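Following: one structure in structure tokens, then a few remarks.
All residue numbers refer to positions in the sequence shown, counting from 1. Keep in mind it's a predicted model, so treat the numbers as computed, not measured.
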Amino acid sequence: MLDVERRGPIAVVTLNRPEAMNALSKALRLALHDAMVALDADPDVSVVILTGAGEKAFTAGLDLKELGGDASAMGAANDQDARSNPVRAVEQCRKPVIGAINGVAITGGFELALACDVLIASENARFADTHARVGIMPGWGLSQKLSRLIGPYRAKELSLSGNFLDARTAADWGLVNRVTPPQDLMSAALKLADDMASIPVETLAFYKALIDDGYARPFGEGLALEHKRSSAHNREVTPEKVEERRRQVMARGRSQ
């Protein structure tokens, strides 16, 4: 149902229900929460890659069969508890999460993709917000995130039509970082994860929080937040540490 594979400082988390389009059942959502909590707390993990099994689906979102058979299950669409809300489960991870979008990301699956910090998409990837067509309103952030990422006009086009967006157009619109052939998706994600993992995990977590917390504020407040946090952080940096890092950056630059 959920596979976690360790590759040194990188953890690959795979939604593994390909027979159900990797739909987010109650059990899978809880397993994802538990995995993300464990990886967040593991000092030997620097970066997480989140993907789906197979090439058809990243995830089709909430398991509609499960919802249709249990009236109480509808609460999951608005639940803010990270044990039930997979977006919260991913967002509570302080480490970078790379979404390797291997297939369709539909409705709640679209929301889960947007919980990641970076998105690399296979050519097989497609995105769709079918909330309106299903008759359920988004409760995991899609109505607010999507418009901020691609603009309100494009967000309304997708959400008010339920149409699919192909991977190349998603990249053109700035929704994903890059697109790869299906066979190259994981290697591209691992390469980027390896680049990130070469930075101390404490620095990764600090900078990720600085970006996310600032983005959630008006621009002026974000600048003030940066000044406050970076001033406190930079007072602890010694000239010796700067020189050591400078040499590392120069060596890496020569190799790229």
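- The hydrophobic cluster containing L39 does not contain L192, counting ILVMFWY residues as joined when their side-chain heavy atoms lie under 4.5 angstrom apart, directly or transitively.
- The CG atom of L50 sits 7.0 Å away from the CD1 atom of I101 when rounded to the nearest 0.5 Å.
- Follow the hydrophobic side-chain contacts under 4.5 Å out from L28 and you reach F110 in the same cluster.
- Proximity of F58 to L119: side-chain heavy atoms (C-beta onward) are nowhere separated by under 4.5 Å.
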Handout entry: Audit row: T51, T14, side-chain hydrogen bond (donor to acceptor under 3.5 Å, both in side chains) steps and yes/no
Key = CA-CA 5 Å; T51 192; T14 304; 5.9 Å; no
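- A distance of 10.5 Å separates CG of L32 from OG of S25, quoted to the nearest 0.5 Å.
- Judged by distance alone, with hydrogens and angles left aside, the side-chain atoms of T130 form no donor-acceptor pair with the main-chain N or O of T107 at under 3.5 Å.
- Note on D40 versus R94: salt bridge recorded, some NZ/NE/NH1/NH2 to OD/OE distance being below 4.0 Å.
- Side chains of M196 and V118 form a contact here, defined as non-hydrogen atoms less than 4.5 Å apart.
- Considering NZ of K208 and CG of D117, their distance stands at 3.5 Å, rounded to 0.5 Å.
- The closest side-chain heavy-atom distance from V13 to I49 is not below 4.5 Å.
- Minimum interatomic distance between C93 and M36 (heavy atoms only, all atoms of both residues): CB-CE, 3.6 Å.
- Two residues are said to be in side-chain contact when any heavy atoms from C-beta on lie closer than 4.5 Å; I120 and V176 fail this criterion.
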Problem - Verdict with supporting geometry, T169 and D166, side-chain hydrogen bond (donor to acceptor under 3.5 Å, both in side chains) - result: CA-CA 6 Å; T169 305; D166 66 89; 2.7 Å; yes
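- Atom CG of residue L158 and atom OG of residue S147 lie 11.5 Å apart, to the nearest 0.5 angstrom.
- Looking at every heavy atom in both residues, G108 comes nearest to H131 through N-CE1, 4.3 Å.
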Exercise for the section: Mind running salt bridge (charged side-chain N to carboxylate O under 4.0 Å, His left out) on D63 and R17 for me, showing each step along the way? Expected result: CA-CA 11 Å; D63 191 328; R17 295 186 70 210; 3.1 Å; yes
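- N234 places a side-chain N or O within 3.5 Å of a backbone atom of S230 that can act as its donor or acceptor partner.
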Exercise for the section: Starting from the C-alpha separation in whole Å, work towards a yes-or-no answer on side-chain contact (heavy atoms from CB on, under 4.5 Å) for F127 and V104. Expected result: CA-CA 6 Å; F127 302 86; V104 296; over 6 Å; no
Handout entry: Residue pair L190, V12: steps toward the side-chain contact (heavy atoms from CB on, under 4.5 Å) verdict
Key = CA-CA 9 Å; L190 287 167; V12 180; 4.2 Å; yes
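- Without hydrogens or angle criteria, N102 side chain to G54 main chain gives a donor-acceptor distance under 3.5 Å.
- Side-chain N or O atoms of K26 include none that pairs as donor or acceptor with a backbone N or O of S84 at under 3.5 Å.
- The CG atom of L142 sits 10.5 Å away from the CE atom of M137 when rounded to the nearest 0.5 Å.
- Between the side chain of R6 and the main chain of A11, no donor-acceptor pair closer than 3.5 Å is present.
- Contact between V4 and A35 at its shortest, heavy atoms only, is CG2-CB, 4.0 Å.
- Nearest approach of E111 to P138, heavy atoms of both residues: OE2-CB, 3.7 Å.
- Hydrophobic clustering of Ile, Leu, Val, Met, Phe, Trp and Tyr side chains at less than 4.5 Å, counting indirect connections, keeps V48 apart from V37.
- Between A82 and A89 the shortest heavy-atom distance is O-CB, 3.6 Å.
- Ion pairing of E123 with R168 is present here, as a side-chain N (NZ or NE/NH1/NH2) and a carboxylate O approach within less than 4.0 Å.
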Practice task
Could you please spell out the steps behind the side-chain hydrogen bond (donor to acceptor under 3.5 Å, both in side chains) verdict for S159 and D129?
Solution key: CA-CA 5 Å; S159 297; D129 177 11; 2.6 Å; yes
Practice task
Just do the side-chain contact (heavy atoms from CB on, under 4.5 Å) check on L114 and W140 with the steps written out, would you?
Solution key: CA-CA 10 Å; L114 296 186; W140 295 345; over 6 Å; no
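- Hydrophobic clustering of Ile, Leu, Val, Met, Phe, Trp and Tyr side chains at less than 4.5 Å, counting indirect connections, keeps Y207 apart from V45.
- Judged as a salt bridge (charged side-chain N to carboxylate O under 4.0 Å, His left out), not a single pair has a partner in residues 169-184 (not counting sequence neighbours).
- One N or O on the side chain of R29 and one on the backbone of L24 form a donor-acceptor pair closer than 3.5 Å.
- A189 and A100 make their closest contact through CB-CB, 4.2 Å (heavy atoms, listed as atom of the first residue, atom of the second, distance).
- K56 contributes no side-chain N or O that, together with a main-chain N or O of N22, makes up a donor-acceptor pair within less than 3.5 Å.
- Side chain to side chain, N16 and D3 meet the donor-acceptor criterion of an N or O pair below 3.5 Å.
- Summarising the geometry, atom CG belonging to L149 is positioned 12.0 Å from atom CZ belonging to R154; distances are rounded to the nearest 0.5 Å.
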Problem - side-chain contact (heavy atoms from CB on, under 4.5 Å) between K95 and V201, worked out - result: CA-CA 7 Å; K95 300 165 184 179; V201 65; 3.9 Å; yes
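- Residues meeting the side-chain hydrogen bond (donor to acceptor under 3.5 Å, both in side chains) test with E19, sequence neighbours left out: none.
- Using modelled atom types and a 3.5 Å distance limit, the side chains of R88 and Q92 yield no donor-acceptor pair.
- The hydrophobic cluster containing I199 also contains I98, counting ILVMFWY residues as joined when their side-chain heavy atoms lie under 4.5 angstrom apart, directly or transitively.
- Sorted by first and then second residue, the side chain to side chain donor-acceptor pair (under 3.5 Å) pairs involving residues 210-228 (not counting sequence neighbours) are D213-R229.
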